[in-house]
Trainee: 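Input: one structure, supplied below.
Reckoned from all heavy atoms, side chains included, excluding hydrogens, waters and symmetry mates. Starting from 1, each residue takes its place in the sequence as its number.
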Amino acid sequence: MKTKKKPKYSLGSCVSFMVKTAWNREKRVLWVCMALIGLQLSQSLVQLYVTPMVLRRVENHAPLGELLLTIGGFSLLLFVLTALNTYIEKRAIYGRVSVRSSLVNAVNVKSCTTAYPNTRDAQALKLQQAAMNACGSNSEPAEHIWMTLMGLVTNLVGFVIYLVLLSALPPLLIGVVVLTSAIGFLVSKRINQWEYRHKDQRDQYLEEMLYIQRKSRSIELAKDIRIFGLKPWLTAVYDSSSRLYEAFITKRERIYIWTNVVDVVLSLARNGIAYVYLILMTLENGLPASEFLLYFTALSGFTAWVTGILTEFSTLYQEGLGISQVREYLDLPEPFQFEGGKPIPQSGSYTLSLDGVSFKYPGSEQYVVRDLYLTIHPGENLAVVGLNGAGKTTLVRLLCGFYDPDEGRVLLNGQDIREFNRREYYKLFSAVFQEYSLLDVSMEENVAQSVTEIDRGRVEQCLEQAGLRELVYSLPQGTKTHVGREVYLDGVLLSGGETQRLMLARALYKDGGILILDEPTAALDPIAENDIYLKYNEMTAGKTSVFISHRLASTRFCDRIIFLENGSIIEEGTHEELMKLGGAYAKLFAVQARYYQEGGETHGEEN
């Protein structure tokens, strides 16, 4: 039997967390909640007494003026209370949104700053999504919890007030009202939770439909959809999921109708018993009509308070789970030191070393690199080559400190990088990765990674070094030209090669002491690639660089080349030394060189 995972934080702890957040962010949320509770209770009491009090004036043959004054007074009081309640309720939303926004911001900051392994961990990603969902809209726990807390407190106080008002009635009658209300709530809750118990099935249909919608609108897939005529297929897949979802909703509504049936039966029983008892009191004890109406209305209201307490508490429990997930994500453990730690050595040059490093990705049993020793000297241009899956990118991730090795150490000037503040360590690196973040902002903002502090002279210099100056200045707005069209309609769409050049310009702008280039020319044509190589010495002047490439011809300008195979260094040296060695590097170079020589493919077929 599958057991439910217990939330890390209790309901009381989550309520306390939200109160503290509101107190620190927007105190008025708390004052507004208390004001609305008072107004709603006052409205309820005025509505309870208005008709009985008017009826009592009629029974006592009060003068017309007194009767009209009573009606007018209650009407005016209701008008004022309703107006105040409506006004404050409308104004309250700004404070609640502000508190939710602070949590959204906290979740986003955590997502952008958490350790890299957490961004690849399935459980962490699931918790991140749950936290984002809990803060996603006005109806989600991070904001709606204030409505729930107000409802719960209002119902609790109303329950006590009405209990005092009904103290003259037999406890058995009060017990019948409480019992029927509780039974109705529990039965309705069980029936209404059918959708929650089947939410995985519902979410699957919704996700399938949303996925098709996203892909149908995707700019990246627009050409494929038209060339391959995918519209009928996409429509068929969407319609299939839509029919399944409609069937799910139909089944849900057929089940939910029993909630209304149970509610009607229990209401008839409860009101019938109350009517019979109050009518007997009227006949036997001469209970005035005004008191009859007061007691009967109070009993109905008492039922609403009981049901309200149970409903709001149940809702609060569910919302507490959402708040707990937000807190769990914000408190997600960090494997690296982001606070404190040793300061980075103040040095004009840095030596990076791998000391007996072995590493396997979390959840995997297979080592990607094994017992690796490597030293990268200050100012050295190192090339890392090898076939797919050899461990080249993993090597870069270890050097950059995105992962810590399972065995061995990564050293900076002889010190284990685990001892440093990892964020300070990251500042040493400028990098172009295979995965990159291209934002729909201007060219210069993409290069500078800033919207305020931009050194435009440096931006132009980096764009020129990356080979983009001519393209950028052919555009009407130059470096202020927007990239992409998801935000700005006047944005330009860059080719794969142009995007890689832009990422290279960004890395150069950061001006870190260690330059990491992971397949930076994969999308470039040979002429553009050669242009980058000719500028490589200029780009890496005074820096240590690590250059990863599948194209062995692109590594000839580096000081040293290491050839990786199955996570180990099997050959090392300059291009000339490795060619003389006649090993794996030389053989792979010869295979690649054939396809750059005229007639190479023909000769290969003849051989």
Trainee: Other residues, nucleotides and ligands only: do more than 12 of their heavy atoms fall within 6.0 Å of CZ on Phe17?
Mentor: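 Atom CZ in Phe17 is crowded, with more than 12 foreign heavy atoms closer than 6.0 Å.
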Trainee: Excluding sequence neighbours, so at least two apart, what forms salt bridge (Lys or Arg N to Asp or Glu O under 4.0 Å) with Asp511?
Mentor: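 With sequence neighbours excluded, Asp511 shows a salt bridge (Lys or Arg N to Asp or Glu O under 4.0 Å) to Lys543, given in chain and number order.
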Trainee: Are any non-hydrogen side-chain atoms of Arg252 and Arg202 less than 4.5 angstrom apart?
Mentor: no
Trainee: What distance separates Leu494 CG from Thr499 OG1, expressed to the nearest 0.5 Å?
Mentor: 4.5 Å
Trainee: Between Asp404 and Arg422, is any pair of side-chain heavy atoms under 4.5 Å apart?
Mentor: yes
Trainee: Could you walk me through whether Val396 and Phe433 satisfy the side-chain contact (heavy atoms from CB on, under 4.5 Å) test, starting with their C-alpha distance in whole Å, then the side-chain angles of each, then the deciding distance to 0.1 Å, before giving a yes or no?
Mentor: CA-CA 9 Å; Val396 165; Phe433 299 114; 4.0 Å; yes
Trainee: Apply side-chain contact (heavy atoms from CB on, under 4.5 Å) to Val487 and His482, showing your working.
Mentor: CA-CA 9 Å; Val487 178; His482 294 120; over 6 Å; no
Trainee: I'd like to know if the side chain of Ser568 reaches the main chain of Ile570, judged simply by a donor and an acceptor atom lying under 3.5 Å from each other, with no hydrogens or angles considered.
Mentor: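 Flag not set: sc Ser568 to bb Ile570 has no pair under 3.5 Å.
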Trainee: Do the charged groups of Glu334 and Lys110 touch, with an N to O distance under 4.0 Å?
Mentor: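 A salt bridge links Glu334 with Lys110.
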Trainee: Residues in ring pair (Phe, Tyr, Trp, His ring centres under 6.0 Å) with Tyr116, at least two apart?
Mentor: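 Scan of Tyr116 (ring pair (Phe, Tyr, Trp, His ring centres under 6.0 Å), adjacent residues dropped) gives Phe402, Tyr403.
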Trainee: Report the relative orientation of the aromatic rings in Phe336 and Phe338; use parallel for angles under 30°, tilted for 30 to 60°, perpendicular for over 60°.
Mentor: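 Perpendicular.
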Trainee: Is any side-chain heavy atom of Leu374 less than 4.5 Å from a side-chain heavy atom of Ile569?
Mentor: yes
Trainee: Hey, could you give me the CD1/OG1 distance between Ile516 and Thr544, rounded to the nearest 0.5 Å?
Mentor: 9.0 Å
Trainee: Stepwise, does the side-chain contact (heavy atoms from CB on, under 4.5 Å) test hold for Ile344 with Tyr350?
Mentor: CA-CA 10 Å; Ile344 300 296; Tyr350 295 98; 4.1 Å; yes
Trainee: Here's a test for you: under side chain to side chain contact (heavy atoms under 4.5 Å, CB included), which of Leu398, Leu395, Ile562 qualifies with Leu372?
Mentor: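 Per the side chain to side chain contact (heavy atoms under 4.5 Å, CB included) rule, the option paired with Leu372 is Leu395, out of Leu398, Leu395, Ile562.
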Trainee: Using the salt bridge (charged side-chain N to carboxylate O under 4.0 Å, His left out) rule, collect all pairs that involve residues 386-403, keeping only residues at least two apart or in two chains.
Mentor: none
Trainee: State whether a side-chain donor-acceptor pair under 3.5 Å links Gln325 with Tyr329.
Mentor: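 Side chains of Gln325 and Tyr329: no pair found under 3.5 Å.
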Trainee: Phe359 vs Tyr361 aromatic rings, parallel, tilted or perpendicular, using cut-offs 30° and 60°?
Mentor: perpendicular
Trainee: Kindly check if the number of other-residue, nucleotide or ligand heavy atoms within 6.0 Å of CG (Asn108) is above 12?
Mentor: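 Yes, because the 6.0 Å sphere around CG of Asn108 holds more than 12 heavy atoms from other groups.
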Trainee: Output all residues satisfying salt bridge (Lys or Arg N to Asp or Glu O under 4.0 Å) with Glu565, sequence neighbours left out; order by chain, then residue number.
Mentor: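 With sequence neighbours excluded, Glu565 shows a salt bridge (Lys or Arg N to Asp or Glu O under 4.0 Å) to no residue whatsoever.
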Trainee: Applying salt bridge (charged side-chain N to carboxylate O under 4.0 Å, His left out) as the test, list every pair that has at least one member in residues 443-452; sequence neighbours left out.
Mentor: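 Residue pairs passing salt bridge (charged side-chain N to carboxylate O under 4.0 Å, His left out), neighbours aside: Glu444-Arg456, Glu444-Lys480.
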Trainee: Which word best sums up how the rings of Phe420 and Tyr425 line up, parallel for under 30°, tilted for 30 to 60°, or perpendicular for over 60°?
Mentor: parallel
Trainee: Hey, does the side chain of Gln449 reach the backbone of Asn446 with a donor-acceptor pair shorter than 3.5 angstrom?
Mentor: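 Yes; at least one donor-acceptor contact below 3.5 Å.
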Trainee: Let me check something: any side-chain donor-acceptor pairs from residues 405-414 under 3.5 Å, sequence neighbours excluded? List them with distances.
Mentor:
residue: Asp406; atom: OD2; partner: Lys360; partner atom: N; Å: 2.8
residue: Glu407; atom: OE2; partner: Tyr367; partner atom: OH; Å: 3.1
residue: Arg409; atom: NE; partner: Asp355; partner atom: OD2; Å: 3.4
residue: Arg409; atom: NH2; partner: Asp355; partner atom: OD2; Å: 2.9
residue: Asn413; atom: OD1; partner: Thr351; partner atom: N; Å: 2.7

Trainee: Can a side-chain donor-acceptor contact be found between Tyr9 and Asp331 if the only test is distance below 3.5 angstrom?
Mentor: yes
Trainee: Between Glu498 (side chain only) and Ser495 (backbone N and O only), is there a donor and an acceptor less than 3.5 Å apart?
Mentor: yes
Trainee: Report yes if some heavy atom in the side chain of Thr21 is under 4.5 Å from a heavy atom in the side chain of Val19; otherwise report no.
Mentor: no
Trainee: Kindly say whether Lys20 contributes a backbone atom to a donor-acceptor pair with the side chain of Asn24 at under 3.5 angstrom?
Mentor: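 It does hold such a pair.
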Trainee: Give every residue pair that meets the salt bridge (charged side-chain N to carboxylate O under 4.0 Å, His left out) criterion with at least one member in residues 361-385, sequence neighbours excluded.
Mentor: Glu380-Arg560
Trainee: Do you see a donor-acceptor pair shorter than 3.5 Å between the side chains of Ser324 and Glu328?
Mentor: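 Short answer, yes.
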Trainee: Ignoring hydrogens and geometry, is there a side-chain-to-backbone donor-acceptor pair from Glu571 to Leu578 under 3.5 Å?
Mentor: no
Trainee: What pairs of residues pass the salt bridge (charged side-chain N to carboxylate O under 4.0 Å, His left out) test when at least one of them lies in residues 113-135, not counting sequence neighbours?
Mentor: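 For residues 113-135: Arg120-Glu435.
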Trainee: Can a donor-acceptor pair be found between the side chains of Ser101 and Arg25 at a distance below 3.5 Å?
Mentor: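 Checked: Ser101/Arg25 side chains show no N/O donor-acceptor pair below 3.5 Å.
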Trainee: Tell me which donor-acceptor pairs under 3.5 Å the side chains of residues 223-238 have, and how far apart each pair is, sequence neighbours excluded?
Mentor:
residue: Arg226; atom: NH1; partner: Ala222; partner atom: O; Å: 3.0
residue: Thr235; atom: OG1; partner: Lys231; partner atom: O; Å: 2.8
residue: Tyr238; atom: OH; partner: Gln213; partner atom: NE2; Å: 3.1

Trainee: Test side-chain contact (heavy atoms from CB on, under 4.5 Å) on Ser545 and Leu517; report intermediate values, then the result.
Mentor: CA-CA 8 Å; Ser545 70; Leu517 302 174; 5.7 Å; no
Trainee: State which residues pass salt bridge (Lys or Arg N to Asp or Glu O under 4.0 Å) with Lys427; sequence neighbours excluded, sorted by chain then number.
Mentor: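 For Lys427 the salt bridge (Lys or Arg N to Asp or Glu O under 4.0 Å) partners, ignoring immediate neighbours, are Glu424.
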Trainee: What's the separation between atom CD in Gln204 and atom CG in Leu244, rounded to the nearest 0.5 Å?
Mentor: 8.5 Å
Trainee: Could you grab the distance from atom CD1 of Ile548 to atom CG of Asp518, nearest 0.5 Å is fine?
Mentor: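 Here the rounded value is 4.0 Å.
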Trainee: Output yes when Lys342 and Asp416 qualify as a salt bridge under the 4.0 Å nitrogen-oxygen rule, no when they do not.
Mentor: no
Trainee: State, to 0.1 Å, how close Phe563 and Ala584 come at their nearest heavy-atom pair, and which atoms those are.
Mentor: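 Closest heavy-atom pair between Phe563 and Ala584: CE2-CB, 3.8 Å.
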Trainee: Looking at CE of Met18 and CZ of Arg327, how far apart are the two atoms once the value is rounded to the nearest 0.5 Å?
Mentor: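 Here the rounded value is 10.5 Å.
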Trainee: Within this structure, what is the CG-NZ distance for the pair Leu428 and Lys510, rounded to the nearest 0.5 Å?
Mentor: 8.0 Å
Trainee: Is there a donor-acceptor pair under 3.5 Å between the side chain of Ser16 and the backbone N or O of Gly12?
Mentor: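 No; judged by distance alone, with no hydrogens or angles, the pair does not exist.
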Trainee: Within the distance-only criterion (no hydrogens, no angle test), does the side chain of Ser430 pair as donor or acceptor with the backbone N or O of Ala507 below 3.5 angstrom?
Mentor: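 Judged by distance alone, yes, a pair lies under 3.5 Å.
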Trainee: Please name the pair of heavy atoms, one in Ala466 and one in Arg501, separated by the smallest distance, quoted to 0.1 Å.
Mentor: O-NH1, 2.7 Å
Trainee: Which residues satisfy the side-chain hydrogen bond (donor to acceptor under 3.5 Å, both in side chains) test with Asn138, sequence neighbours excluded?
Mentor: Glu143
Trainee: Among residues at least two apart in sequence or on other chains, which ones pass salt bridge (Lys or Arg N to Asp or Glu O under 4.0 Å) with Arg214?
Mentor: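 Per chain and number, Arg214 pairs via salt bridge (Lys or Arg N to Asp or Glu O under 4.0 Å) with Glu207.
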